[in-house]
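Bear in mind that the values here come from a model prediction, so they are computed numbers and not experimental data. Position 1 is the first residue of the sequence, and the numbers go up from there.
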Amino acid sequence: MLKKHLALAVLVTLVWGVNFPITQLGLRSIDPFVLTGIRFALAALPLVFFIKRPAVKFSYVAAYGFIFGLGMWGVINYGIQIGVSPGIASLIIQLSVFFTMGWGFLLFKENIRKAQIVGALLALSGLAGIISTQEGNHAVLGVMLIVLSALAWSVGNVIIKKSGVKEIFSFMVWASLFPPIPLFLMAWWMHGSSPFEGLNASLDLAAILSILFQVYLATHFAYWGWNSLLKLYPVSTVAPLSLLIPVFGISSSMLIIGEHVSTPNLISIAIIIVGLAVGLCRRPSTLAPAGLSLRNLSKKRIAR
């Protein structure tokens, strides 16, 4: 990977990691579903009036919007509000890697390597360790909600793959049209009109900066940068860099909001990171030039 692209990857993972404690700053005064709804409303408007709709079935755009906005980020923010620390949330969400591998096996007949199975078992054991140290039913529920959001992210990855979309930035902008109304309805269903009545007063400087960071850095910039790298390099090259997200997420949570990580949780975090690393990293299967598979090499030899 070229140095400029590696720098972009590190910057993207830094933004995504820091996004977790930054989001909690907004959650201190705004309902999680309202905050998420505002984020996606601003991610869509007014850009949808200036950016051409992606050249894929609109059902893919709508499905991704609901899954990504409500199923992933709405659930993450609610989980953080009821007790999961942002640093732990940034780590657990990486379990989407293994969910995505499972979908690849079931839907696309992709092979699962032994290393991926070992990595998944390690990560699950670390997750069990984190759950066992949570105090109170709300904290345990919060962890399970983050696991659910990781599952939602994996479903979103399947939608992206099935759609074959190439205009990633356009896809994200148009998909952001769909989550706000369901998110606002969820807030209304859970708490009535109270999350909306004091909204103006809740929009202090910290909340406004939190929203701007989520919209323009964590959504627009980060997803553009990450998917641009996926176009240039194999997934096996780019994906392992996502391990930096919980590193930045946990360290920034300690600096920004004073998050404290207990020794048992540190051990569990280390186990999960090792599991993710084992599952993501792979040895090159061939010394053939990039883009040339062993099957293609065999065909060329036969032709000769």
Donor-acceptor contacts, no H, no angles, side chain residues 206-215, under 3.5 Å, sequence neighbours left out:
residue	atom	partner	partner atom	Å
Ser210	OG	Ile22	O	2.8
Ser210	OG	Gln214	NE2	3.0
Gln214	NE2	Ser210	O	3.3

Note to self: For Ile76, is there any backbone N or O sitting under 3.5 Å from a side-chain donor or acceptor partner on Ser149?
What the structure shows: no
Next item on the list: Search all heavy atoms of Trp73 against all heavy atoms of Arg39 and return the closest pair with its distance.
Entry: CD2-NH1, 3.3 Å
Notebook entry, point to check: Aromatic ring centroids of Phe68 and Phe171 under 6.0 Å?
Noted result: no
Next item on the list: Output yes when a side-chain donor or acceptor of Ser251 lies under 3.5 Å from a complementary backbone atom of Phe248, and no otherwise.
Entry: yes
Margin query: Under 4.5 Å side-chain heavy-atom separation, chaining through any Ile, Leu, Val, Met, Phe, Trp or Tyr, what else clusters with Leu255? Say none if it is isolated.
Written below: none
Notebook entry, point to check: His5 side chain to Leu229 main-chain N or O, any donor-acceptor pair under 3.5 Å?
Noted result: no
Next item on the list: Report yes or no: does Trp174 contribute a side-chain atom to a donor-acceptor pair with the main-chain N or O of Phe58 at less than 3.5 Å?
Entry: no
Notebook entry, point to check: Taking all atoms of both residues into account, what is the closest heavy-atom pair of Arg53 and Ser170, and its distance?
Noted result: C-OG, 3.7 Å
Check: Sub-3.5 Å donor-acceptor pair from the side chain of Ser176 to the main-chain atoms of Ala44, do we have one?
Finding: no
Note to self: Do Tyr223 and Leu11 land in one hydrophobic cluster if side-chain heavy atoms of ILVMFWY residues count as linked below 4.5 Å?
What the structure shows: yes
Next item on the list: Start with the C-alpha distance between Tyr78 and Phe33, add both sets of side-chain angles, then the distance that settles ring-ring contact (aromatic ring centres under 6.0 Å, His included), and finish with yes or no.
Entry: CA-CA 7 Å; Tyr78 182 60; Phe33 295 106; 5.5 Å; yes
Notebook entry, point to check: Does CG belonging to Leu121 count more than 12 external heavy atoms closer than 6.0 Å?
Noted result: yes
